[in-house]
J.: 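Just passing along the structure, written as structure tokens.
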Amino acid sequence: MIVHQIYADNPLRNFHYLIACPETRDAMVIDPLDVQKCLDRAANDGLNITKILNTHEHWDHIGGNAEMQEKTGANIYAHHGAVKKIDNVEVGLKAGDIISVGTTVKLKVMDTPGHTMSHICLLSDTEPPALFCGDTLFNAGAGNCHNGGDPDDMYDTFAGQLELLSDQTQIYPGHDYIINNLGFTLDREPGNKEAQKMLDKLQRQDPHNAYITTMKDERRINSFFRLTSPVIIQKLQQEVPSISENPVPREIFKALRELRNHW
Ligand SMILES: [Zn+2]
């Protein structure tokens, strides 16, 4: 499987992806916004874009669909619940569906509500696996829930699906937010050495050539996977009077998500 992560270099710091079959050179583009950047990268690597996939319906993930479709003739794939929200969707996807690219690439559809209620992630069958996670999971963070989403569903997605991914799984999110997110991690858990080490290492990284985290990294540096950390719990209890004495992980997750909205 060929994976190109393409940085849009826009204020929202979007990442686009080309996922391609090395045998046939067929490619699927994920969440195109800067269409020309995606087309240029495909041309440079001799790839033929045959599918467009949207992880969810927000404008910065679908804004390039029409131009991309016009220039490539590719069909659009999205969550079945987004078919009415995104123009010209050909295929509405459900959990467990398999998307093929060329003859060698197979990606399993995960139904991952929370950021919006019609959000999918894709998991490759490669070793190591790759997760294309849109605005659900970010490097060292989680997507917001205030634009059509729900923090309870987001918690269920994290605890019920993302937590179960293997340590080796590589994380390919929809935006480059890792530096800010590591700052939030350190604000919540000041002694987190792994997060500090990664922040020092990535502080001046070029997002055109970004570090790809793994689930092993995320379990260490992402507060939203560290809901039983005594430091995180105690600090929240000091700052948020409504946190209970023995909070369950859902309560911590939602409190972190709320804090992150204003941080
Ligand atoms: Zn979004």
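We count ligands from 1, going down the list as the structure has it; atoms in each ligand are counted the same way.
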J.: When the ring centroid of Tyr172 is compared with that of Phe15, is the distance short of 6.0 Å?
T.: no
J.: Taking backbone and side chain together, does His115 place any N/O/S atom at a distance below 2.8 Å from the Zn ion (ligand 1)?
T.: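 It does; at least one qualifying atom falls short of 2.8 Å.
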J.: Taking the six-membered ring for Trp, are His175 and Phe138 ring centroids under 6.0 Å apart?
T.: yes
J.: Side chain of His115, backbone of Asn144: donor and acceptor closer than 3.5 Å?
T.: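 Yes; at least one donor-acceptor contact below 3.5 Å.
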J.: So, Asp135 and the Zn ion (ligand 1): N/O/S under 2.8 Å, yes or no?
T.: yes
J.: Would you name the N/O/S atom of His56 that lies closest to the Zn ion (ligand 1)?
T.: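 Going by distance to the Zn ion (ligand 1), the closest N, O or S atom in His56 is NE2.
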J.: Can you tell me which N/O/S atom of His58 has the shortest distance to the Zn ion (ligand 1)?
T.: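 Of all N, O or S atoms in His58, the Zn ion (ligand 1) lies closest to ND1.
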J.: Tell me whether Arg219 is salt-bridged to Asp167, with the criterion being a basic N under 4.0 Å from an acidic carboxylate O.
T.: yes
